Amino acid sequence: MFIFLRYSDDMRNSNIKESKKISIKDIAQLTQTSIATVSRVLNNKEGGYSDETAKKIRAVAKEYGYISNSAARSLRASRFYAIGLILPNVTNEFYANLAQNIQRTMDEHGYSVFLCSSLNNPTSEVKYFHDLASRGVDGIICISCLSKVTREVMFPHIPLVFLDHSPESDRKIPYITNNDVQCGELATTHLLQKGCRQILFLSAYTGYYDSKDRLAGHKKALASNGLEFDERYVLKQHEHGHGLDSGQQLIDSFIQTQLPFDGVVAASDELALGAICALNQAGIKVPEVVRVIGVNNSAYSKLPSPSISTIERHPDELAHSACRALFNLIEGQEVKEDRIFIDIELVCRQTTE
């Protein structure tokens with residue numbers, strides 16, 4: 001899916017006839033008016049001409065694709081004032097929140113946004129890199145599903161910033177994210193402090209790369225509390241789909257094993273809510289018997305009863321930091337920090353009381 005997002009009008013006109021270039025002097029000759037009059041009309045300066053003259057001048061300027069001085073300076077600087085944004089999908093609330101904040105920030109700076117949804121498909125993502133390059137965007141922000149990026153998608157003349165996930169690369173590319181090891185550790189430590197000892201870890205679908213950092217944090221918390229890690233207590237969402245359904249299916253399957261458990265760390269709030277639905281259907285009370293915590297502090301964590309404890313990742317700060325990094329690259333500034341971490345925080349609600 002490819003969407004062009006633009007809040008406000010700008011200087012680019014889709015009706016410009018690229019084969020013809022015209023100056024103020026040419027317009028004056030075509031309309032039989034003075035250069036001064038044409039300049040006043042096109043620069044929206046009042047007085048010294050009639051409405052009929054203004055209409056005639058603007059009509060000729062539009063027909064021949066006249067480019068104002070400010071637009072000409074933009075073209076000479078090779079600036080299109082549009083960026084590309086590649087997301088795994090637009091139905092995920094966290095990604096949608098990132099997109100909204102990026103779009104708002106870009107609009108404040110006069111940039112439009114081409115929004116691309118890869119559907120966690122590497123082939124689609126690579127295609128969008130090429131599509132955006134062909135459209136002459138000034139830069140790209142990407143939440144990638146690739147495990148590695150090559151020169152096939154890294155165009156030297158197009159600034160690139162990775163957000164949330166950074167594929168392997170031989171080029172120094174800014175990467176804005178949270179500390180996922182800390183995220184997994186914080187969630188698991190919270191359950192341990194509440195008395196849980198047999199904790200399930202629900203891993204979200206991450207496309208074609210391995211997301212091991214949150215699991216590493218989970219293992220770290222267990223080790224810090226003298227508990228052994230058991231691979232059987234790691235349940236992975238293997239297919240792209242809604243986390244709620246996946247969370248329910250994963251818990252349903254685990255219950256059939258009859259292995260004991262008293263806590264669930266879910267890699268997303270959707271997975272956490274799905275887990276709670278499965279537990280309720282099985283007659284297992286939350287939080288009396290099993291405590292549950294998710295990640296993202298989304299609506300899925302705030303609306304249900306019991307409300308879900310979660311990890312706040314601050315998508316607004318992630319988005320703004322990604323935009324700042326891209327602006328710096330567009331302005332030709334050197335990359336000083338190629339990895340920027342945004343703080344996280346624990347949000348305690350009813351599912352871990």
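Please read these numbers as outputs of a predicted model, since none were measured by experiment.
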Side chain to side chain contact (heavy atoms under 4.5 Å, CB included) between Leu271 and Val295, intermediate numbers included: CA-CA 9 Å; Leu271 282 171; Val295 175; over 6 Å; no
Verdict with supporting geometry, Leu192 and His190, side chain to side chain contact (heavy atoms under 4.5 Å, CB included): CA-CA 5 Å; Leu192 291 169; His190 178 60; over 6 Å; no
Candidate pair His218 and Thr188, rule side chain to side chain donor-acceptor pair (under 3.5 Å), full reasoning: CA-CA 6 Å; His218 171 70; Thr188 301; 2.7 Å; yes
Derivation and outcome, salt bridge (charged side-chain N to carboxylate O under 4.0 Å, His left out), residues Arg313 and Asp164: CA-CA 10 Å; Arg313 298 180 60 201; Asp164 194 43; 2.3 Å; yes
Asp26 and Ser23: CA distance, side-chain angles, deciding distance, side chain to side chain donor-acceptor pair (under 3.5 Å) verdict: CA-CA 5 Å; Asp26 296 327; Ser23 67; 3.1 Å; yes
Check against side chain to side chain contact (heavy atoms under 4.5 Å, CB included), Ile86 and Leu132: CA-CA 10 Å; Ile86 304 176; Leu132 292 169; 3.9 Å; yes
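Taking the six-membered ring for Trp and the full ring otherwise, the centers of Tyr128 and Phe114 sit at least 6.0 Å from each other.
Exactly one of Ser268, Ser246, Ser203 qualifies for a side-chain hydrogen bond (donor to acceptor under 3.5 Å, both in side chains) with Gln237. That residue is Ser246.
Atom NZ of Lys220 has 12 or fewer heavy atoms from other residues, nucleotides or ligands within 6.0 Å. Around CD of Glu108, the count of heavy atoms belonging to other residues, nucleotides or ligands within 6.0 Å exceeds 12. Residue Lys302 places its NZ atom among more than 12 non-hydrogen atoms of other residues, nucleotides or ligands, all under 6.0 Å distant. In this structure, Glu288 places its CD atom where more than 12 heavy-atom neighbours from other residues, nucleotides or ligands lie under 6.0 Å away. More than 12 heavy atoms of other residues, nucleotides or ligands sit less than 6.0 Å from atom NZ of Lys172. Few gaps surround CG on Asn280; more than 12 heavy atoms of other groups in view lie less than 6.0 Å from it.
Although no hydrogens or angles enter the test, the distance criterion places no donor-acceptor pair under 3.5 Å between the side chain of Thr189 and the main chain of Leu186. Using modelled atom types, one side-chain atom of Asp138 and one backbone atom of Ala82 make a donor-acceptor pair closer than 3.5 Å. Counting only distance, with no hydrogens or angles, the side chain of Ser321 and the backbone of Leu318 share no donor-acceptor pair below 3.5 Å. Side chain of Asn101 to backbone of Asn97: a donor-acceptor contact under 3.5 angstrom is found. Between the side chain of Asp262 and the main chain of Arg197, a donor-acceptor pair closer than 3.5 Å is present. Asn225 places no side-chain N or O within donor-acceptor distance of the main-chain N or O of Leu227, the cut-off being under 3.5 Å. In this structure, Ser309 contributes its side chain and Arg349 its backbone to a donor-acceptor pair below 3.5 Å. In terms of modelled atom types and a separation under 3.5 Å, the side chain of Glu125 and the main chain of Cys145 share a donor-acceptor contact. Looking only at distances, a side-chain donor or acceptor of Gln350 sits under 3.5 Å from a matching main-chain atom of Ser307. Put simply, the side chain of Glu317 never gets that close to the backbone of Ile342: no donor and acceptor are under 3.5 Å apart.
The shortest non-hydrogen separation linking Thr352 to Arg291 is O-NE, 3.4 Å. Across every non-hydrogen atom of Ile308 and Val292, the tightest pair is CG2-O, 4.4 Å. Phe80 and Val137 make their closest contact through CD2-CA, 4.4 Å (heavy atoms, listed as atom of the first residue, atom of the second, distance). The minimum heavy-atom distance linking Leu244 with Leu273 is given by the pair CD1-CD2, 3.6 Å. In terms of heavy atoms, Leu202 sits closest to Ala275 at CD1-CB, 4.0 Å. The shortest heavy-atom contact between Ser298 and Asp269 is N-OD2, 2.7 Å.
Between Phe327 and His109, the ring planes are tilted. Angles from 30° to 60° get that label.
Hydrophobic clustering of Ile, Leu, Val, Met, Phe, Trp and Tyr side chains at less than 4.5 Å, counting indirect connections, unites Ile57 with Tyr49. When the side chains of ILVMFWY residues are joined at heavy-atom separations under 4.5 Å, either directly or via intervening members, Leu222 and Val181 end up in two distinct hydrophobic clusters. In the hydrophobic cluster analysis, where Ile, Leu, Val, Met, Phe, Trp and Tyr join through side-chain heavy atoms closer than 4.5 angstrom, Val289 is grouped together with Leu279. No single ILVMFWY cluster, assembled from side-chain heavy atoms under 4.5 Å apart, contains both Val347 and Leu191. Under a hydrophobic-cluster definition in which Ile, Leu, Val, Met, Phe, Trp and Tyr are linked whenever side-chain heavy atoms come within less than 4.5 Å, directly or via other members, Val161 and Tyr81 are assigned to the same cluster.
Taking NZ of Lys25 as the start and CG of Leu30 as the end, the distance is 12.5 Å to the nearest 0.5 Å. Between atom CG of residue Asp230 and atom CD1 of residue Ile199 there is a gap of 12.5 Å, rounded to the nearest 0.5 Å.
No side-chain heavy atom of Gln103 sits under 4.5 Å from any side-chain heavy atom of Leu85. Side-chain contact check for Val286 versus Val264: every heavy-atom pair is 4.5 Å or farther apart. Side-chain contact between Leu329 and Pro174 is present, with at least one heavy-atom pair separated by less than 4.5 Å.
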